[in-house]
Each structure stands twice: as C-alpha cells, then as structure tokens.
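Per chain, numbering begins at 1; letters A, B, ... match sequence-line order.
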There are 2 protein chains.
Amino acid sequence: MRYSQSTELAIDSLLYMAARPEASDFSVEQVAAAQEVSASYLAKVFQQLVKAGVLRSHRGSKGGYALGRPLSLITLRDIAVVFEGSSPLYECDGYARTCSLGPKCLVKATFDEAERKMHEVLAKVSLQDVVAQAGQEAAWTAAHGCAPLPPPVAVTQADSVGQGGATS
Amino acid sequence: MRYSQSTELAIDSLLYMAARPEASDFSVEQVAAAQEVSASYLAKVFQQLVKAGVLRSHRGSKGGYALGRPLSLITLRDIAVVFEGSSPLYECDGYARTCSLGPKCLVKATFDEAERKMHEVLAKVSLQDVVAQAGQEAAWTAAHGCAPLPPPVAVTQADSVGQGGATS
DNA sequence: GACAATTTGGATAAGCAATGTCCGCATTGA
DNA sequence: TCAATGCGGACATTGCTTATCCAAATTGTC
C-alpha cells in the first residue's frame with residue numbers, strides 16, 4: 001500500500017506554483033519542465049486537480065493553470081483524496097465469504113477509525129503551512145551556509161549511494 | 001490506495017481459528033473451505049503469517065497451523081504490516097525530481113505522522129478484542145431474537161430471505 | 001476571420017504489483 | 001514405507017497505475 005506517484009507529483013507541482021505568487025498562469029509545459037516529467041502525464045494530473053477545484057484552468061492562447069483557492073484552503077488531504085479516492089481503505093467485501101463471526105464489525109470499525117485519524121492529520125496541514133516552513137528553512141540554510149540541494153547532475157545509475165544518510 | 005485482499009483474508013482466517021479454541025491444528029484445506037477460497041492461495045497467505053510469527057506450522061502428517069501467540073498479542077496492525085509492508089506510505093522519491101522547494105519535508109513529516117497515527121489505532125485492537133465483541137453481539141442477537149438491522153418502511157414482501165445467517 | 005497557443009477528453013499502450021495456480025520437495029506421524 | 005501436510009519456486013492472470021499520443025475545443029492576437 002502506497003500513495004501514488006500522482007499524489008506526490010501533484011503536491012510538488014502545486015508547491016512549485018505556490019512558490020511563485022507573482023505568476024498568474026502556468027502552462028503544463030512549464031511545470032512539467034520544472035518537475036522533469038512529461039507534459040502528457042502532468043496534463044492528466046492537472047485535469048484531475050481541476051475537477052476537484054484545487055486548480056483553475058484557462059483555455060486557449062495565453063491560457064494555463066492557477067490555484068483554485070487560497071493556499072491556506074488547500075490541505076494535503078484535499079490533494080491526496082483526488083488521487084487515492086475516498087472509498088474506505090478496508091473494504092470488508094473483497095471476497096464474498098460470509099462474515100461467519102458476525103462482528104468482524106469491530107475490525108471494520110477499527111480500520112475506519114484509523115483511516116479517519118490519518119485524514120485528520122493530513123487535513124491539518126495546508127500548502128500555506130508548507131510554503132511557510134520552506135521560507136523558514138531557507139533562512140536557516142542561508143544563515144548556516146549549507147546547501148540542502150545537491151548539484152543538478154543528471155544521475156543515471158549508481159545513485160542512492162548514501163542510503164544511510166538520513167540520520168535524523 | 002487500499003488494504004490488500006490478503007490482509008482481509010488473513011484477518012478472517014485468523015478469526016476463524018480464534019473462534020475455535022478447542023481445535024489445535026487447522027489444515028489449509030479446512031480454513032480455505034470455510035473462507036471459500038482456494039487452498040493454493042490461502043497457503044501463500046499462511047506462509048507469510050508464519051514468517052511473521054503470527055502463525056505456527058506443524059509439518060508432516062497430522063500437521064497444520066495454529067496461532068503463534070495468545071490472541072491478545074496479535075493486533076490488527078501486526079497482521080496489516082505483514083501484507084502491506086512497513087515502508088512509508090509516502091516515499092518522497094517517486095520521481096528523481098530535485099526537491100526544489102527544499103522543505104517539502106513538512107509534507108513528508110505530515111504523511112509520516114498520519115501513517116503513525118493510523119498504526120496507533122490498529123495496534124490498539126487485538127484479535128481477542130474482536131472475538132470478545134463477537135461474543136457480546138451474539139448474545140445480544142440471541143436475547144433479542146433479531147439481527148441488529150432497523151426494519152425499513154413497511155416492507156411486506158419477502159426479500160433477501162436468508163439474510164440473518166450470521167448466527168453461527 | 002485566420003492562426004497559434006493552450007486545455008480537454010478519449011483511446012491505448014507499457015509496466016508493475018497483487019492475485020491466483022501448479023508442481024516437486026521436505027517433513028512427519030502412523 | 002506410505003500418506004498427509006506444509007514449503008518454496010516458477011508461472012499465469014488480472015487490474016491499476018503510469019505514460020503517451022492525437023483530435024477536438026477554446027481563446028487571445030494579428
């Protein structure tokens with residue numbers, strides 16, 4: 001079980017737009033280039049975000065995409081739901097077996113509760129929060145002079161060398 | 001995103017065994033028949049549960065499977081982890097894009113926290129809890145002589161005949 | 001009105017993990 | 001030894017995610 005890559009791509013793309021409030025409309029091409037993804041695929045992702053109201057679209061020449069609401073009203077949960085769906089994570093009817101014990105219900109209730117708690121956490125963090133912390137960390141980085149970004153070398157293979165690096 | 005059917009099958013099968021404490025060893029055939037699943041597939045599920053210590057296996061003639069520990073020490077989380085894996089739901093590296101904003105970290109931290117809360121809920125409920133509630137509900141049903149289903153509005157036709165079958 | 005830039009939606013392929021089956025081997029009690 | 005059972009590997013099937021392409025619709029600009 002994993003969050004889809006579409007979810008991650010959507011978050012990254014939205015943050016890209018959020019970090020550039022001076023621009024009003026972003027073309028798929030532009031964002032796709034920034035995220036190093038094909039425009040074809042990003043277009044599909046954006047279409048879903050438009051349907052969900054997270055993005056607005058302007059068609060035609062000079063068209064493009066813009067955020068559909070203020071940053072503070074777009075939570076991580078909003079984005080996740082778009083790509084992961086809203087049906088329960090635990091279905092209780094994967095097979096047509098009779099629920100012989102009857103109250104497997106406690107099982108179902110527990111999984112539902114777990115999912116609810118998860119969404120609760122995601123709903124508490126908006127894109128604005130993320131951008132705000134981004135600013136803070138950027139300031140910290142500048143003050144301490146260590147860059148968290150490796151140089152954009154096109155790593156083809158033999159990557160993920162220092163996998164023990166996450167010591168935090 | 002969904003919990004796999006293996007997880008659900010595992011839970012149902014374990015509950016089947018838990019509800020029959022008089023029996024010591026269950027063959028795959030027996031449980032598979034009860035769950036209306038092929039023995040081939042259930043065998044694979046059981047093998048994973050053995051590896052995780054949730055089940056014990058006895059090979060050879062008269063062999064079979066038994067619970068690996070007391071019911072109270074088998075939580076829903078234990079079972080879920082077997083089939084869903086323990087790697088984070090949000091990976092942060094689905095694509096090789098540079099994390100241009102730097103602290104997408106807040107995103108990652110939030111998803112990790114959400115997942116942690118989810119596991120917290122699942123870890124609080126053991127198979128013993130489930131069986132216990134099963135007993136309670138069975139008693140309630142027996143006392144009231146009806147399934148806990150609110151009667152719909154003046155339905156006189158004989159629909160869904162055998163729906164009270166959960167009284168095993 | 002023509003043209004170019006752009007999103008939209010459908011069709012469809014490619015990839016991959018979950019699901020499901022089969023078979024030979026290993027183990028164990030009778 | 002024999003039969004019953006679990007073990008492990010190989011493989012087929014299925015469905016969802018990822019990804020691409022193309023024609024159509026929309027809209028600003030000349």
Exercise. Hey, does A/Phe46 reach any base, or is it just sugar-phosphate, or nothing, if we go heavy atoms under 4.0 Å?
Worked result: nothing
For this session: Using the salt bridge (charged side-chain N to carboxylate O under 4.0 Å, His left out) rule, take A/Arg69 and A/Asp78 through it: C-alpha gap first, then chi angles, then the decisive distance, then the call.
Result: CA-CA 12 Å; A/Arg69 344 168 196 139; A/Asp78 295 331; 3.3 Å; yes
Exercise. Hey, is the side chain of B/Tyr65 poking within less than 4.0 Å of OP1 or OP2 on D/dC7, counting only N and O atoms?
Worked result: yes
Exercise. Hey, does A/Phe26 reach any base, or is it just sugar-phosphate, or nothing, if we go heavy atoms under 4.0 Å?
Worked result: sugar-phosphate
Exercise. Is the closest basic N to carboxylate O distance between A/Lys108 and A/Asp112 below 4.0 Å?
Worked result: yes
Exercise. Below 4.0 angstrom from OP1 or OP2 of D/dT20, is there any side-chain N or O of A/Tyr41?
Worked result: no
For this session: Using whole Å, report how far CG of B/Leu49 lies from C1' of D/dG6.
Result: 14 Å
Problem set entry | First encountered from the 5' end of DNA chain C, between B/His58 and A/His58 | A/His58
Exercise. Distance from B/Gln133 atom CD to A/Leu106 atom CG, nearest 0.5 Å?
Worked result: 4.5 Å
For this session: Please evaluate the base of D/dG6 for a donor-acceptor partner in the side chain of B/Lys44 within a cut-off of under 3.5 Å?
Result: no
Seminar exercise, completed: Residue pair B/Ala39/A/Val50 against DNA chain C: nearer the 5' end by closest nucleotide is A/Val50
Seminar exercise, completed: note: A/Arg2, atom CZ; D/dC16, atom P; distance rounded to Å ~ 18 Å
Exercise. Do any side-chain nitrogens or oxygens of B/Ser61 fall under 4.0 Å of OP1 or OP2 in C/dT27?
Worked result: no
Exercise. So, A/Ser27 and A/Tyr65: side-chain donor and acceptor under 3.5 Å apart, yes or no?
Worked result: no
Problem set entry | Distance, rounded to the nearest Å, where A/Phe83 contributes CZ and D/dA19 contributes P | 13 Å
For this session: Look at all strands and tell whether B/Ser40 reaches a base, only sugar-phosphate, or nothing, counting heavy atoms closer than 4.0 Å.
Result: base
For this session: Write down the distance between CD (A/Glu8) and P (D/dT18), rounded to a whole number of angstrom.
Result: 10 Å
For this session: For the pair A/Phe111 and A/Tyr90, name the ring-plane relationship: parallel under 30°, tilted 30 to 60°, perpendicular over 60°.
Result: parallel
Exercise. Has B/Ser57 got a side-chain N or O lying under 4.0 Å from the OP1 or OP2 atom of D/dC7?
Worked result: yes
Exercise. CD of B/Gln47 versus P of C/dT21: gap in Å, rounded?
Worked result: 15 Å
For this session: To the nearest Å, give me how far apart NZ (B/Lys62) and P (D/dA3) are.
Result: 15 Å
Exercise. Rounded to the nearest Å, what distance is computed from the CD atom of residue A/Glu29 to the P atom of nucleotide C/dT6?
Worked result: 8 Å
For this session: Please state how far atom CD in B/Gln48 lies from atom C1' in D/dG6, giving the value in whole angstrom units.
Result: 15 Å
Exercise. If you check every side-chain atom of B/Arg59, which of D/dA25, C/dA26, D/dG28 has the closest atom?
Worked result: C/dA26
